[in-house]
Amino acid sequence: MRSFLAGALCLSVLASAAPTLSVRDVPQTEFLNVTYSSSSGSLHNSSLPNVLILATGGTIAGSSTSSEDDTHYQAGVIGVAALVAAVPDLLNISNIDGVQFANKNSGDITSADVLQLSKLINYALCRSHSNYTGAVVTHGTDTLEETAFTLDITLSCSKPIVIVGAMRPATATSADGPGNLLEAVTVAVDPRAKGRGALIVLNDRIGQAWYTIKRNANTLETFGAPEQGFVGGLLSYTPFWYYPATRPTFKQTFKIAAINTLPAVEIIYAHESYNPKLIKDAISDGAQGIVIAGTGAGDESLAAEPYIAAAVAQGVPVVISTKINVGCVVPSAGSDTIAAGFLNPVKSRIQLQYALANNYSMNATRASFEQVLGSMIGYGASG
Ligand code: ASP
C-alpha cells in the first residue's frame, strides 16, 4: 500500500528547498542556467523509484486571472516546485527531482534548447550508475511533438522519457495538467515503459513520440497517431499497454555528444501559387537543408523544380514531406529530392538537422529517411 505520509514528508522538503539544491547525478556546473529543486535528502524514500522532472513551460504551467479562461492565459509562468506541490500523490509513487529547464510558451523553445535538454536527460538517465528510473518533461503542447521526437531519436538508453503537457492552464476550473502530470510520472516508473523511447502522455492516452502528433488546436483529446494509434493508456491512473515494448519501424537514432550547434533547416509550405523562390531565399539566409511541406503525397509544382534542382546541386538536401501531416511520401528511385516517408514536416526538419549535424553525406541522409520504407515496398531508396 502506498504511503501518503511518505509523500507528504517529501513534499514538505520540496516546498522548503532552496532553488539551487543539487540534483542527484547531475552536476549543475555542466548545465548552466538550469536551476534545481529536490526531494532528495534524509527523507528520500529508498523504496520508491526516482524520477527527474524537467519543466519547460507551456499551458501546464500557465496562469490566468479567470478560472474560465482557456484561451488568453499566459503560458510558462508556474515553476516546477509548484507543479509538483499541486499533485501530492506524485510523492507516493516516486521521489522527484525537479529541474526548471525553461519556462516558456513552447513556440519559443528552440532547437538549441532541445539539444541541451536531450544532453541533460541522457546524462541523468543513461550513465551506468544513474539512480533515475525515468524522466518526465513538462512542455507546451504546441511544439511538444517536436521536442518529443527529438528526445526519441537522441535517447541513448532504454529508460523512458515521458513528455506531458496540458490544454488548459493550471488556473482553469477543470485543469488537465495535474492529472496529466500524475499519469506521466506513473508511466515513467512503470517497468513496462522501458524500451519504448520517448512517450507522450496526455488525457489518459500513451503515444509513441515517433508517430504522435498534435491534431486539434483546442481540445483535450488532441495528441494521437491517426494511423498507428496509441501504445497504451491509463485507467484510474494505472497504465495498461496494448503491445509489448516495440521500436517504430522507421526510427533512426542520432548521436549528440559531439554536437554543439544544429544547422538551420527551413520548412517551406506548399500551396497553390506559392513562391518557390523562398527555397533560394532560405538557403541564402543560411539554411543548410530544406523541407517542403508538399501538397498531397509530396507533389511539387513545376515552378519549384528549378529551385529544388539548384538547391540539390549546391549540396543542400531537400526533403519532401506532406502538409497533410498524416500519411506517407513514398521514395522513388532516381529522385534528386528525399522522401520523408511517414515523417511530417516538423519531424522531417529535426531528422534532417541531426543528419547534417552528424556530417551525413547526401546519400546517408537519403538513406536515413528512405531506406527502411524503400526496402519494404521494393523500390525507391538510392542511398
Ligand atoms: N501555447 C501553449 C504552448 O505550447 C499551448 C499549450 O501548452 O497547450 O506553450
Side-chain angles (χ1 to χ4, degrees), residues 33-34 53-84 86-87 98-118 121 135-152 161-185 187-188 198-207 209 212-226 230 234 267 269 325 344-347 349-350:
N33 302 321
V34 175
I53 297 184
L54 304 104
T56 69
T59 294
I60 194 167
S63 174
S64 172
T65 48
S66 163
S67 60
E68 289 169 17
D69 174 16
D70 289 342
T71 49
H72 293 104
Y73 57 89
Q74 195 180 348
V77 177
I78 294 168
V80 63
L83 289 181
V84 174
V87 193
V99 173
Q100 191 68 54
F101 182 83
N103 214 349
K104 300 181 184 182
N105 192 40
S106 71
D108 296 320
I109 298 274
T110 65
S111 301
D113 289 337
V114 186
L115 172 63
Q116 178 79 333
L117 182 65
S118 180
I121 293 174
V136 168
V137 176
T138 64
H139 201 286
T141 62
D142 293 346
T143 64
L144 189 150
E145 73 184 69
E146 298 178 51
T147 293
F149 178 78
T150 309
L151 296 175
D152 192 45
I161 304 176
V162 181
I163 301 91
V164 63
M167 292 300 286
R168 293 180 182 151
T171 46
T173 298
S174 186
D176 51 331
N180 286 347
L181 183 58
L182 182 57
E183 291 191 338
V185 173
V187 169
L199 298 167
I200 294 176
V201 171
L202 273 93
N203 207 35
D204 306 336
R205 309 293 205 285
I206 309 169
T212 301
I213 59 173
K214 187 176 183 182
R215 300 173 296 177
N216 189 299
N218 313 104
T219 61
L220 301 191
E221 179 66 6
T222 176
F223 284 92
F230 297 104
L234 295 104
I267 300 173
Y269 192 96
N325 221 19
N344 70 4
V346 292
K347 292 179 178 181
R349 185 189 79 89
I350 293 163

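First listed ligand is number 1; within each ligand, the first listed atom is number 1. Every value quoted in this text rests on a predicted model; they were computed, and no experiment measured them.
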So CG of Asn203 and CZ of Phe223: to nearest 0.5 Å the spacing works out to 11.0 Å
Could an N or O of ligand 1 be found under 3.5 Å from any N or O of Lys104, whether backbone or side chain? no
Number the atoms of ligand 1 from 1 as they appear, then name those within less than 4.0 Å of a heavy atom of Asp142, with their elements. 1 (N), 2 (C), 3 (C), 4 (O), 5 (C)
Of the protein's non-hydrogen atoms, which lies at the shortest distance from atom 8 (O) of ligand 1, and what is that distance? Thr141 OG1, 2.4 Å
Salt bridge flag under 4.0 Å for residues Asp176 and Arg168: no
Which atoms of ligand 1 sit under 4.0 Å from any heavy atom of Ala166? 6 (C), 7 (O), 8 (O)
Pair Tyr73-Ser63, side-chain donor/acceptor within less than 3.5 Å: no
Just need the protein heavy atom nearest to atom 4 (O) of ligand 1, so name the residue and atom and give the distance. Ser106 OG, 2.5 Å
Lys214 side chain to Thr222 side chain, donor-acceptor N/O pair below 3.5 angstrom: no
Regarding ligand 1, does Thr143 bring an N or O atom to under 3.5 Å of one of the ligand's N or O atoms? no
Side chains of Asn344 and Glu145: donor-acceptor distance under 3.5 Å anywhere? yes
of all protein heavy atoms, closest to atom 2 (C) of ligand 1 is Asn105 OD1, 3.2 Å
Using a strict cut-off of 4.0 Å, indicate which atoms of ligand 1 neighbour a heavy atom of Gly58. 7 (O), 9 (O)
For the pair Thr56 (side chain) and Asn103 (backbone), establish whether a donor and an acceptor sit closer than 3.5 Å, ignoring hydrogens and angles. no
If you measure from each heavy atom of Gly62 to ligand 1, is any distance below 4.0 Å? no
Suppose I only count heavy atoms of Thr59 and a 4.0 Å limit; which atoms of ligand 1 are within that range? 2 (C), 5 (C), 6 (C), 7 (O), 8 (O)
Say whether, by atom type as modelled, one donor and one acceptor occur between the side chain of Thr59 and the main chain of Met167 under 3.5 angstrom. no
